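Below: the structure, in structure tokens.
Here is how names work: the chains are called A, B, and so on, in the same order as the sequence lines, proteins then strands, and each is numbered from 1. None of the values given here were measured: they were computed from a predicted structure.
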Number of protein chains: 2
Amino acid sequence: MKASATEPTDSRFEIVEAAAECFMRRGYDKTTIDDIADALGATKGRVYHHFRSKNAIFFAVYREAMRYCFEAADPIIDLPLPAIERLTRMCEAHVMVMITRLSFQRGIKQGLEIQMRGPTTEHEREVFQELQGLRDGYEALFRRVLAEGNADGTLNAPDVPLAGRTILGALNAVPDWYRPRPDGKTPEAIATEMTAYLIRGLAAR
Amino acid sequence: MKASATEPTDSRFEIVEAAAECFMRRGYDKTTIDDIADALGATKGRVYHHFRSKNAIFFAVYREAMRYCFEAADPIIDLPLPAIERLTRMCEAHVMVMITRLSFQRGIKQGLEIQMRGPTTEHEREVFQELQGLRDGYEALFRRVLAEGNADGTLNAPDVPLAGRTILGALNAVPDWYRPRPDGKTPEAIATEMTAYLIRGLAAR
DNA sequence: GACGACATACTACTGAGTATGTTGTATTGT
DNA sequence: ACAATACAACATACTCAGTAGTATGTCGTC
């Protein structure tokens, strides 16, 4: 029997990685299945052996991208700390995910809902709902901490959803401009400084 | 003789508007030339009479979107006010542009550089450079005010480029989530609150 | 000898771009 | 003043390349 019958197999994940890379460079629509196969030194056959359609690959990339986000935030959100401190760490962790998983995060930037235009199967719509739920759930983590910060007096965000969108808007834009440079700031420095701007604000004291 | 021989003709602008709307709803790649023509009750012929290629339409939408941004920021940047006040007004004005010109701003969100993949003509590359220059110039306006704020003591942004990207990242994300709702906040309220979060920060005093 | 994991070869369609036809209006020659 | 004509502003009909998806072949392993 197979060594890993349950896991989604290594070969499958390689495809997801290659697809993320292609999506980042060329965008989803301009990426062909052959592009993804070529990046692996393989052919269409391998790709379609693991995925039903091109949309399914995008979904897999999206799901993986969200998984990285949750993995970063989950250990922080329930720490016994004031909300402002947890929010700070969650923001920093989010930036780190954006940078370390650049291709995944940038690959899905063209938007989930836009991929759902045209004739989609029933199954695709279900997956779509699920992924939308993942994203909303992640954003809800931030809203939760913001609300807790209003309650414990460490934060001042009258409109919690709007504050959440402001934060995540800024942080999610990182893949749009970040490029690894030998002489540039470290990812950690970027994370802490951006977070400071958002939480402390840009105004002088 | 014609009434408006010099202007880029009304008909041409209608195409740009329709294209922006289509790009917003379906994304650039999933939008066909026929989609744009249909939205006008016309056919391909009209579109290709005014534009050399699909890329050229995207460029026109992009240029228009940037024009709206400059129109909003230009009257503010040189006002005789402390930098923090000018930055506040520029941010608010930017949000208003995002909302009032939703289709244009969202239409160009898939990114300028990603459109330049594949075989592009010499002329396309020139326009690309020009539009990239427009965007950089606009971002430079914010960097200028940030630097002036560091100088006059009203702002505290050690890393000006990073602060600029944080601000514009948050503001440029507005078209991703804003939808006009009868019961929702007014655009003005959204603009002032988001700007307050960015400049005053989310931390309680 | 069955099946998983691919590669190869093929199909069918979509959609950008083009070539050509049509119509109304302005301009010109007489 | 009035046909002749030129041209702008489209519509219609067509081409053709690229690409998602499929059908089938191959090879190694259990």
Side-chain angles (χ1 to χ4, degrees), chain A residues 1-19 22-23 25-61 110 114-124, chain B residues 1-19 22-23 25-61 110 114-124:
Chain A
M1 77 182 55
K2 299 220 296 287
S4 58
T6 57
E7 314 157 33
T9 70
D10 221 27
S11 174
R12 184 193 152 97
F13 185 71
E14 277 178 22
I15 297 174
V16 179
E17 280 183 314
C22 290
F23 293 165
R25 298 160 69 127
R26 279 168 276 225
Y28 173 81
D29 287 287
K30 290 201 190 318
T31 296
T32 74
I33 304 286
D34 288 312
D35 285 339
I36 300 171
D38 284 353
L40 294 163
T43 66
K44 271 172 129 82
R46 178 169 167 193
V47 176
Y48 276 103
H49 180 73
H50 290 279
F51 294 94
R52 214 185 290 279
S53 68
K54 193 182 172 186
N55 262 337
I57 305 174
F58 179 80
F59 290 153
V61 172
Q110 34 253 34
I114 235 158
Q115 246 48 52
M116 294 306 292
R117 279 291 157 190
T120 46
T121 74
E122 180 61 35
H123 178 256
E124 277 180 339
Chain B
M1 75 182 56
K2 300 222 291 286
S4 58
T6 57
E7 313 155 34
T9 70
D10 223 25
S11 175
R12 183 191 154 100
F13 185 71
E14 277 179 23
I15 297 174
V16 178
E17 279 183 314
C22 291
F23 293 165
R25 300 161 68 129
R26 281 169 275 227
Y28 174 81
D29 287 287
K30 290 202 190 317
T31 296
T32 73
I33 303 286
D34 288 311
D35 285 338
I36 300 171
D38 284 354
L40 294 164
T43 65
K44 274 173 126 84
R46 178 169 167 193
V47 176
Y48 276 104
H49 179 74
H50 290 280
F51 294 94
R52 214 183 292 277
S53 69
K54 194 182 173 187
N55 262 337
I57 304 175
F58 180 80
F59 290 154
V61 172
Q110 33 254 33
I114 234 159
Q115 247 46 52
M116 293 307 291
R117 279 288 157 193
T120 46
T121 73
E122 180 61 35
H123 177 256
E124 278 179 338

How close or far is atom [atom2] of [N] from atom [atom1] of [X], stated in whole angstroms?
| X | N | atom1 | atom2 | answer |
| --- | --- | --- | --- | --- |
| E14(B) | dA9(D) | CD | P | 13 Å |
| I33(B) | dA11(D) | CD1 | C1' | 16 Å |
| R12(A) | dG4(C) | CZ | P | 16 Å |
| D10(B) | dC10(D) | CG | C1' | 16 Å |
| I36(A) | dG21(D) | CD1 | P | 11 Å |

Worked check of side-chain contact (heavy atoms from CB on, under 4.5 Å) between D35(A) and R25(A)
CA-CA 11 Å; D35(A) 285 339; R25(A) 298 160 69 127; over 6 Å; no

So T43(A), base contact, sugar-phosphate only, or nothing? Heavy-atom distance under 4.0 Å.
base

Any donor-acceptor N/O pair under 3.5 Å between dA20(D) base and K44(A) side chain:
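Pair found.
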
With the side chain of A42(A) defined as its heavy atoms from C-beta on, choose the nearest nucleotide among dC10(D), dG17(C), dA7(C).
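Among the listed nucleotides, the one closest to the side chain of A42(A) is dA7(C).
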
Quick check for you: among dA11(D), dG17(C), dT22(D), whose closest atom lies nearest to any side-chain atom of K54(B)?
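Closest nucleotide among those given: dG17(C).
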
OP1 or OP2 of dC10(D) less than 4.0 angstrom from a side-chain nitrogen or oxygen of H50(B), does that happen here?
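It does, given that an N or O in the side chain of H50(B) lies less than 4.0 Å from OP1 or OP2 of dC10(D).
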
Tell me whether the OP1 or OP2 atom of dA9(D) has a side-chain N or O from H49(B) closer than 4.0 Å.
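H49(B) to dA9(D) OP1/OP2: side-chain N or O found under 4.0 Å.
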
Within 45 degrees of the ring normal and closer than 6.0 Å to the centroid, is that where the cationic atom of K30(A) sits relative to Y28(B)?
no

Rounded distance [0.5 Å steps], OG in S11(B) versus NE2 in H49(B):
8.0 Å

